[in-house]
Amino acid sequence: MTATTDTAELLPRRPRSGISRSVADSLVVARRNLIRMARIPEMVVFGLIQPIMFVVLFTYVFGGSIKVGNTISSADYREFLMAGIFAQTVTFATAGAGAGIADDMHKGLIDRFRSLPMARGAVLTGRTLADLVQTALTLVVLAGVALIIGWRTHENIGKVLFGFLLLLLLGYAFSWIGALIGLVVRTPEAATSGGLIWLFPLTFISNAFVDANQMPTVLRHIAEWNPFSATVQACRELFGNLPPGFVTPDAWPMRHPITASVIWSVLIIAVFRTLAVRRYRSATG
């Protein structure tokens with residue numbers, strides 16, 4: 001019995017396949033980042049304050065003064081607004097992802113990871129997965145705040161959950177843009193600024209806060225083909241939050257927002273993950 005056990009222990013372990021190794025390594029890195037977030041709770045708290053401020057300000061300052069569809073009702077605008085606030089929240093997490101990776105680069109932690117026998121893309125994948133968990137937590141809290149101020153959905157639970165899945169997919173896609181920015185810049189401060197400077201025009205030249213039909217022609221076309229707008233429009237349909245008299249634009253992404261949202265998010269992940277992993281290899285090589 002002892003001889004059999006000793007022989008089994010001496011046998012070499014079967015090597016894991018490339019995919020299983022990459023998944024396992026990514027989960028280890030994700031766990032490391034989640035533990036770090038738990039030990040620094042202000043990272044999560046400050047991430048919640050901004051979207052809550054946007055909800056309150058837009059609801060009570062602009063509600064009743066912005067026309068959506070054929071109404072200026074503050075209640076209708078509140079429901080119209082929330083999909084945009086949700087989408088803005090998940091995309092603004094991009095800045096945090098970039099700053100975190102830039103900080104790891106600045107401290108030399110990425111070089112330590114590189115010295116370990118782990119998949120090259122696992123460091124970035126693990127970081128983006130951890131950011132996805134934080135984004136999901138933020139969405140849960142933000143949805144609770146929205147319910148408190150009167151936001152309601154008017155579709156079945158399956159459609160509502162699918163809407164939130166589209167938001168998380170968009171947030172995950174944009175986190176790869178943040179990862180690339182974090183690898184390109186030299187400091188976490190630059191990553192934060194670089195992660196936000198392009199997000200403001202992206203989110204505001206969209207259908208997030210106003211009816212795109214009321215925009216000037218050029219801005220309207222930009223808003224209709226904005227990947228951010230596709231997810232917002234998809235969520236409004238899935239939540240049942242389209243206002244009375246709302247006219248859906250003729251642009252294809254607005255007519256098929258769910259399909260457009262998935263296509264945009266998958267395309268962004270494919271492009272920016274490839275660029276980020278390539279940059280990671282050269283930056284730490």
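Atom CG in Leu129 sits 7.0 Å away from atom CG in Leu27 (nearest 0.5 Å). For the atom pair Leu166 CG and Glu237 CD, the distance stands at 11.0 Å (nearest 0.5 Å). To the nearest 0.5 Å, atoms CD1 (Ile149) and CE (Met82) are separated by 6.0 Å. A distance of 13.0 Å separates CD1 of Ile205 from CZ of Phe200, quoted to the nearest 0.5 Å. Rounding to the nearest 0.5 Å places CG of Asp76 at 12.5 Å from CG of Leu81. One distance of note links CG of Leu219 with CG of Asn226; it measures 11.5 Å at 0.5 Å rounding.
Minimum heavy-atom separation, Ser261 to Thr231: OG-OG1, 2.8 Å. Looking at every heavy atom in both residues, Arg236 comes nearest to Ala83 through CG-CB, 3.7 Å. Phe246 approaches Gln233 most closely through the heavy-atom pair CE2-NE2, 3.7 Å. The nearest pair of heavy atoms linking Ala276 to Ala179 is CB-CB, 4.5 Å. In plain terms, the two heavy atoms of Thr91 and Leu170 that are nearest each other are CG2-CD2, 3.8 Å. The two residues Ala212 and Arg220 make their nearest non-hydrogen contact at O-CG, 3.2 Å.
The shortest distance between side-chain heavy atoms of Thr128 and Tyr172 falls below 4.5 Å. Contact annotation: the side chain of Phe239 approaches that of Val160 to within less than 4.5 Å [non-hydrogen atoms, C-beta and beyond]. In this structure, Trp198 and Thr94 have side chains that are in contact, with non-hydrogen atoms separated by less than 4.5 Å. Looking at Phe162 and Ile258, their side chains come closer than 4.5 Å, going by heavy atoms from C-beta outward.
Distance alone, capped at 3.5 Å, is enough to place a donor-acceptor pair between the Tyr77 side chain and the Phe209 backbone. Checked by atom type and distance alone, the side chain of Asp131 never pairs as donor or acceptor with a backbone atom of Ser175 at under 3.5 Å. Of the possible polar contacts, one joining the Ser229 side chain to the Ala223 backbone as a donor-acceptor pair under 3.5 Å is found.
Hydrophobic clustering (side-chain heavy atoms under 4.5 Å, transitive across Ile, Leu, Val, Met, Phe, Trp, Tyr) groups Ile268 together with Leu196. Leu147 and Leu57 fall within the same hydrophobic cluster, defined by Ile, Leu, Val, Met, Phe, Trp and Tyr side-chain heavy atoms under 4.5 Å apart, directly or through other members. Transitive grouping of hydrophobic side chains (ILVMFWY, heavy atoms separated by less than 4.5 Å) keeps Val68 and Met254 in distinct clusters. Side-chain heavy atoms closer than 4.5 Å link hydrophobic residues (I, L, V, M, F, W, Y) into clusters, and following such links, possibly through other members, connects Val218 to Phe204. Under the 4.5 Å side-chain contact rule for hydrophobic residues, Val123 and Val28 do not share a cluster.
Shown are Phe228, Phe54, Phe164, Phe92; of these, the ring pair (Phe, Tyr, Trp, His ring centres under 6.0 Å) with Phe86 is made only by Phe164.
The ring-ring contact (aromatic ring centres under 6.0 Å, His included) search around Trp264 returns none, not counting sequence neighbours.
Counting non-hydrogen atoms of neighbouring residues, nucleotides and ligands closer than 6.0 angstrom, the CZ atom of Arg31 reaches no more than 12 such neighbours. Sparse packing is recorded around CD1 of Ile197, with 12 or fewer heavy atoms of other residues, nucleotides or ligands lying under 6.0 Å away.
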Working note: Val29 + Asp25, criterion side-chain contact (heavy atoms from CB on, under 4.5 Å); need CA distance, chi angles, decisive distance, verdict. CA-CA 6 Å; Val29 177; Asp25 292 343; 5.6 Å; no

Determine whether Leu183 and Leu124 satisfy the following criterion, side-chain contact (heavy atoms from CB on, under 4.5 Å), listing intermediate values before the conclusion. CA-CA 10 Å; Leu183 291 169; Leu124 302 180; 3.9 Å; yes

Given side-chain contact (heavy atoms from CB on, under 4.5 Å), test Ser206 with Val232 step by step and report yes or no. CA-CA 9 Å; Ser206 71; Val232 172; 5.7 Å; no

Tell me, with the steps shown, if Arg273 and Thr125 meet side-chain hydrogen bond (donor to acceptor under 3.5 Å, both in side chains). CA-CA 9 Å; Arg273 187 185 189 280; Thr125 302; 3.0 Å; yes

side-chain contact (heavy atoms from CB on, under 4.5 Å) for Ile269 and Leu169? Distances and angles first, verdict last. CA-CA 9 Å; Ile269 293 172; Leu169 180 62; 4.0 Å; yes

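Residue pairs satisfying the salt bridge (Lys or Arg N to Asp or Glu O under 4.0 Å) criterion with at least one member in residues 148-173, sequence neighbours excluded, are listed as follows: Glu155-Lys159.
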